[in-house]
Engineer: 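A single structure is presented below for examination.
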Amino acid sequence: GPLEEVTLPLFFGWFLLSSVQEKIRCTSMDFLKTLDTLEAFKKHMSDFTGKPDKEVDLEQYFEAKGTLHCTTKFCNYGKAEGAKEYAEKPAVKNFYGSIFELSLTALFVTPRVVGARVTLSEEQLVLWPDDAEKEAESAVPTAASLPLGSRAHITLGCAEGVEPVQTGLDLLQILALQQEGQQGELVTEMELGSLRYYGEGRWLLSLREPMCAPACFSSFYN
Ligand code: 2AM
């Protein structure tokens with residue numbers, strides 16, 4: 001027959017329903033707008049521009065990348081390690097097409113990306129690959145010692161020339177600093193929550209009220 005082999009997707013993940021996508025994009029834009037006006041941010045602007053006195057417009061700096069989603073397993077059409085094993089997991093088959101409520105607990109900005117941290121529930125962790133954090137070891141040496149699901153995030157935008165895979169790595173880097181006992185510099189209490197600076201252009205806003213985002217567990221082919 002024509003379909004001798006089932007092709008694996010580019011990736012599996014939770015795809016946010018369109019109603020909530022707009023809300024999150026707005027919240028993220030508002031956050032960037034506010035961050036841009038803070039004296040504390042201006043003080044560290046060269047993290048983004050590479051030059052001391054150059055201004056940056058954060059709303060223009062990042063480019064949105066397609067439908068908002070939280071990747072569980074990047075399969076690269078079967079070329080990625082463990083792709084087939086993941087696709088064959090009973091939980092992946094059973095929950096395929098199901099709606100989940102993701103909890104967004106923080107927003108973060110670096111000179112490379114802007115993203116939202118997703119805190120996964122016990123049930124959602126069943127769909128999380130065991131080695132997702134470990135795979136980031138070359139970029140974040142202590143990543144494997146972070147709790148399962150630490151890498152879970154939604155990429156909201158990337159700086160020019162930056163690939164979205166960077167968002168999870170930058171999140172892990174901040175969480176690794178926290179694990180080492182660096183709590184960051186508390187910059188300000190914003191309406192959305194507390195903003196901390198972790199150096200080298202890394203900003204994390206812990207949300208006072210997590211944002212709830214309904215999302216469909218599915219896969220993406222291009
Ligand atoms: P993201 O999950 O951080 O947005 C297609 O490229 C999707 O798969 C993107 O959403 C991207 O990043 C994610 N992705 C790309 N390469 C990856 C990798 N090596 N590991 C994990 N996720 C990856």
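Start at 1 and go down the list; that is how both ligands and their atoms are numbered. Heavy-atom basis, side chains included; hydrogens, waters and symmetry copies ignored.
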Engineer: Within the 4.0 Å heavy-atom shell around Arg151, which atoms of ligand 1 are there?
Structural biologist: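 Checking each atom against Arg151, I get 20 (N), 21 (C).
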Engineer: Parallel under 30°, tilted from 30 to 60°, perpendicular over 60°: which one fits the rings of Phe217 and Phe12?
Structural biologist: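 The arrangement is parallel - the two ring planes meet at less than 30°.
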Engineer: Note the single closest protein heavy atom to atom 3 (O) of ligand 1, along with its residue, its atom name and the distance in Å.
Structural biologist: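 Closest protein heavy atom to atom 3 (O) of ligand 1: His153 NE2, 2.5 Å.
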Engineer: Which residue owns the protein heavy atom closest to atom 8 (O) of ligand 1, what's the atom, and how far is it?
Structural biologist: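 Scanning the protein heavy atoms, the shortest distance from atom 8 (O) of ligand 1 goes to Phe74 CD1, 3.4 Å.
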Engineer: Atom 18 (C) of ligand 1: which protein heavy atom is closest, and how many Å away?
Structural biologist: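 That would be Val165 CG2, 3.4 Å.
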Engineer: With atoms numbered from 1 as shown, which atoms in ligand 1 lie under 4.0 angstrom from a non-hydrogen atom of Phe11?
Structural biologist: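 Those qualifying, in numeric order: 5 (C), 7 (C), 8 (O).
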Engineer: Where the closest heavy atom to atom 11 (C) of ligand 1 is concerned, which of Gly168, Gly66, Pro164, Pro129 has it?
Structural biologist: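 Answer by nearest heavy atom: Pro164.
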Engineer: Are Phe220 and His69 close enough that their ring centers fall under 6.0 Å?
Structural biologist: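 No, they do not, as the ring centres are separated by 6.0 Å or more.
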Engineer: Quick one: which ligand 1 atoms are inside 4.0 Å of a heavy atom on Thr155?
Structural biologist: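 Those qualifying, in numeric order: 1 (P), 3 (O), 4 (O).
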Engineer: Measuring from atom 13 (C) of ligand 1, which candidate in Thr67, Leu10, Thr167, Thr71 has the nearest non-hydrogen atom?
Structural biologist: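 Shortest heavy-atom distance from atom 13 (C) of ligand 1: Thr71.
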Engineer: Carefully, step by step, assess Tyr86 and Leu8 under the rule side chain to side chain contact (heavy atoms under 4.5 Å, CB included).
Structural biologist: CA-CA 10 Å; Tyr86 180 84; Leu8 291 169; over 6 Å; no
Engineer: Is it true that, when you exclude Glu191 itself, more than 12 heavy atoms of the residues, nucleotides or ligands shown sit nearer than 6.0 Å to its CD?
Structural biologist: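 No, CD of Glu191 has 12 or fewer neighbouring heavy atoms, counting only those of other groups under 6.0 Å.
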Engineer: Is it the case that over 12 heavy atoms from other parts of the model lie below 6.0 angstrom from the CD atom of Glu63?
Structural biologist: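 Incorrect, the count does not exceed 12.
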Engineer: What atoms of ligand 1 come closer than 4.0 angstrom to any heavy atom of His69?
Structural biologist: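 Under 4.0 Å from His69, ligand 1 has these atoms: 4 (O), 9 (C), 10 (O).
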Engineer: Does some side-chain heavy atom of Leu17 sit less than 4.5 Å from a side-chain heavy atom of Ile99?
Structural biologist: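 Answer yes - side chains close enough.
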Engineer: Would you tell me whether Tyr197 and Asp47 have side-chain atoms, one donor and one acceptor, within less than 3.5 Å of each other?
Structural biologist: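 Yes - a donor-acceptor pair under 3.5 Å links their side chains.
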